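Worksheet: the structure to be examined is printed underneath.
Each ligand, and each atom within it, is numbered from 1 in the order the structure gives. Everything quoted here is computed from the prediction, not taken from an experiment.
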Amino acid sequence: MTDKTRNWKPETTLVHAGTRRSQFGEMSEALFLTQGYLYETAESAEARFKGEDPGFIYSRYANPTVDMFEQRMCALEGAEDARATASGMAAVAAAILCSLKAGDHIVAARATFGSCRWIVETLAPRYGIESTLVDGRDMANWEEAVKPNTKLFFLESPANPTLEVVDVAAVAALANSVGARLVVDNVFATALQQKPLELGAHVVVYSATKHIDGQGRCLGGIVLSDEQWIKENLHDYFRHTGPSMSPFNAWTLLKGLETLSVRVAQQTRSAGKIADFLADHSAIDRIVYPGRADHPQADIIRKQMSGGSTLIALDVKGGKASAFAFQNALDIVLISNNLGDAKSLITHPATTTHKNLTDEARAELGIGPGTLRLSIGLENADDLIADLDQALRRA
Ligand SMILES: *Cc1c(COP(=O)(O)O)cnc(C)c1O
């Protein structure tokens, strides 16, 4: 982040920050689809490997297009440094595992994306890293879970798919008080509606596959933190294990960032309108939407989010049969497990994204047989309401 970009508002940052132009002065960010780089002389190769010449070496280490994406994300997030990854899960895995060693302990909120939970609950313990999952809504649970060897806290807020929230500033304060780090998966809120680093978190991760691409084209992820944390924990890991983002995906995601602010604003406006419609519908048991005053944790949302999210969680009456009939009757809203897309998408977590959990674990999270997750796209909100209404009547 340069001094110039520091004062930009997010909309300007998303269009301009991080841009590096070649000698041709191209307007659109260039796609450097190359694995390697030429050294004019043997001496310059030596200098580059010694770190005395700042040029690129190999695209597993760094690439100009990927670098533009990382710099734009740093400017948006207010982070000193970042590493882009091939997928969101590569970012989460790196952020959780890179700073830990056998004997350390993680405390994580139970309500997270299924694969994130697998890393904490199943993978980390194989390497001697202990973990405790807590109901992240209550601070007392976080405090009780702390042990002398707790080194990392991990949470997602709002969480997938139930949209429950965690008090990020309170967990960050607890992490600081015990000398641990807090990693926040900020996919659902986006950098436009929640700033974990400003709330005290140490590391932020994204699946860029979601709102950042926003048009369902490619996978990507990113880890953002301070320069020292990235240098000490991620730098060598990325060079030597290779979870790097491809230049083509970085280029696509840079284009996605240009329109992120208008897409998220429009999708959030529509989601608010649709949430109000669904909340009053006789076929619906319950909806959870962070932008509504009846969200169970509306007080925390007011403190840490500036928008209501593009996602809605709902429970239809009649359990799985109704949830399936409703999905099958939709014309515009498509059945898919992506989110943040231009197309409105619906998914049934119990049989898809969260099918690997036991019934008890799902019940604990509030995922019932009638629970659906709705991601609002860029279609006209009234068309979406009409589609949801006709499908609910037919179900
Ligand atoms: C999708 C998602 C991920 C994983 O991202 P991929 O790009 O699919 O690997 C992680 N966390 C959350 C909250 C997500 O929604």
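- For ligand 1 and F188, the ligand atoms under 4.0 Å from any heavy atom of the residue are 15 (O).
- At a cut-off of 3.5 Å, with distance as the only test, a side-chain donor of R269 or Q266 sits close to an acceptor on the other residue.
- Put simply, the residue from L372, D315, L392 that forms a side-chain contact (heavy atoms from CB on, under 4.5 Å) with I284 is L392.
- Ligand-side atoms of ligand 1 in range of S87: 7 (O), 9 (O), range being under 4.0 angstrom from any heavy atom.
- Without hydrogens or angle criteria, N63 side chain to F32 main chain gives a donor-acceptor distance under 3.5 Å.
- By the 3.5 Å distance cut-off applied to N or O atoms, K210 is counted among the residues near ligand 1.
- When the heavy atoms of V205, N338, D185, N186 are ranked by distance to atom 11 (N) of ligand 1, first place goes to D185.
- Residue R362 places its CZ atom among more than 12 non-hydrogen atoms of other residues, nucleotides or ligands, all under 6.0 Å distant.
- The aromatic rings of F248 and W251 sit tilted, their planes meeting at an angle between 30° and 60°.
- Without hydrogens or angle criteria, S322 side chain to K317 main chain gives a donor-acceptor distance under 3.5 Å.
- In terms of polar-atom proximity, defined here as any N/O pair under 3.5 Å, S207 does make such a contact with ligand 1.
- Taking a cut-off of under 4.0 Å to the non-hydrogen atoms of G88, the atoms of ligand 1 that pass are 5 (O), 6 (P), 7 (O), 9 (O).
- Heavy-atom proximity to G220, at under 4.0 Å, picks out these atoms of ligand 1: 7 (O).
- Residue T209 approaches ligand 1 through these ligand atoms, each under 4.0 Å from one of its heavy atoms: 6 (P), 7 (O).
- The distance from ligand 1 to the heavy atoms of M89 drops below 4.0 Å at these ligand atoms: 4 (C), 5 (O), 6 (P), 9 (O), 10 (C).
- In this structure, F324 has its ring center under 6.0 Å from that of H348.
- The contact set between ligand 1 and E156, taken as ligand atoms under 4.0 Å from a residue heavy atom, comprises 13 (C).
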